[in-house]
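Counting from 1, the numbers follow the sequence of the chain as shown.
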Amino acid sequence: MLNTNQKIMAFDFGEARIGVAFGNDLLKIAHPLTTVMGKNKHEKLDKIGQLIKQWQPNILVVGVPSQTENKQLLLAAINKFVSRLKHRFNLVVELVVEDYSSYIASEQLDEQLIYGIKQKKALDQLAACAILQRYFAQK
């Protein structure tokens, strides 16, 4: 497959925090950007809008858990998030199974001797990186 140098922004969605990572399909290396937090969905989308304006991605990728029990509420929230991204930013949004992305991120932080509460600052960003790496692996 020919590399097109598409810029991709990935999201690890959570109700409280949204991890964000960035990369391109030429190098296929995910880089952590930030963790988006806000009082409500509008504030979070405004912050995401600022990131999109700054980084100018061509594609947005959102992690979704595989269909398992007790995930229905989370899936519904993710689907609303995806819909808002599509309508507000008019970009292609692709979904990637995110299973174990937070576990992978936590393991990476453990390897750097960062444990417990100290992981909170970077965990969501690294989970977004794991989602983006999975996206690259599928392309």
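One finds no salt bridge joining Lys41 and Glu15 here, because no Lys/Arg side-chain nitrogen approaches an Asp/Glu carboxylate oxygen to under 4.0 Å.
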Run the numbers on Gln125 and Val20 for side chain to side chain contact (heavy atoms under 4.5 Å, CB included), then give the verdict. CA-CA 5 Å; Gln125 297 170 40; Val20 185; over 6 Å; no
Check the pair Tyr135, Ile59 against side chain to side chain contact (heavy atoms under 4.5 Å, CB included), reporting the backbone distance first and the verdict last. CA-CA 11 Å; Tyr135 172 82; Ile59 300 168; 3.6 Å; yes
Chi angles and distances behind the side chain to side chain contact (heavy atoms under 4.5 Å, CB included) call for Lys28, Leu132: CA-CA 9 Å; Lys28 296 185 178 188; Leu132 186 50; over 6 Å; no
Worked verdict on Leu51 versus Thr34 for side chain to side chain contact (heavy atoms under 4.5 Å, CB included): CA-CA 9 Å; Leu51 291 170; Thr34 190; 3.6 Å; yes
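Inter-residue side-chain proximity for Val61 and Met9 is flagged as unmet; no heavy-atom pair is nearer than 4.5 Å. In this structure, the side chains of Leu91 and Ile52 come closer than 4.5 Å at one or more pairs of heavy atoms. Counting heavy atoms from C-beta outward, Ile78 and Val62 have side chains that approach closer than 4.5 Å.
Val97 and Leu85 fall into different hydrophobic clusters, where Ile, Leu, Val, Met, Phe, Trp and Tyr are joined by side-chain heavy atoms under 4.5 Å apart, directly or via other members.
Asn5 contributes no side-chain N or O that, together with a main-chain N or O of Leu26, makes up a donor-acceptor pair within less than 3.5 Å. Side chain of Asp25 to main chain of Gln6: a donor-acceptor pair is present (N/O by atom type, distance under 3.5 Å, no hydrogens or angles).
Shown are Val64, Val93, Ile48; of these, the side chain to side chain contact (heavy atoms under 4.5 Å, CB included) with Phe81 is made only by Ile48.
Among residues two or more places apart in sequence or in another chain, the ring pair (Phe, Tyr, Trp, His ring centres under 6.0 Å) test is passed with Phe22 by Trp55. In this structure, the side chain to side chain donor-acceptor pair (under 3.5 Å) partners of Arg17, at least two apart in sequence or on a different chain, are Asp124.
Pairs of residues two or more places apart, or lying in two chains, that qualify as salt bridge (Lys or Arg N to Asp or Glu O under 4.0 Å) and include a residue from residues 45-65 are Glu43-Lys47, Asp46-Arg88.
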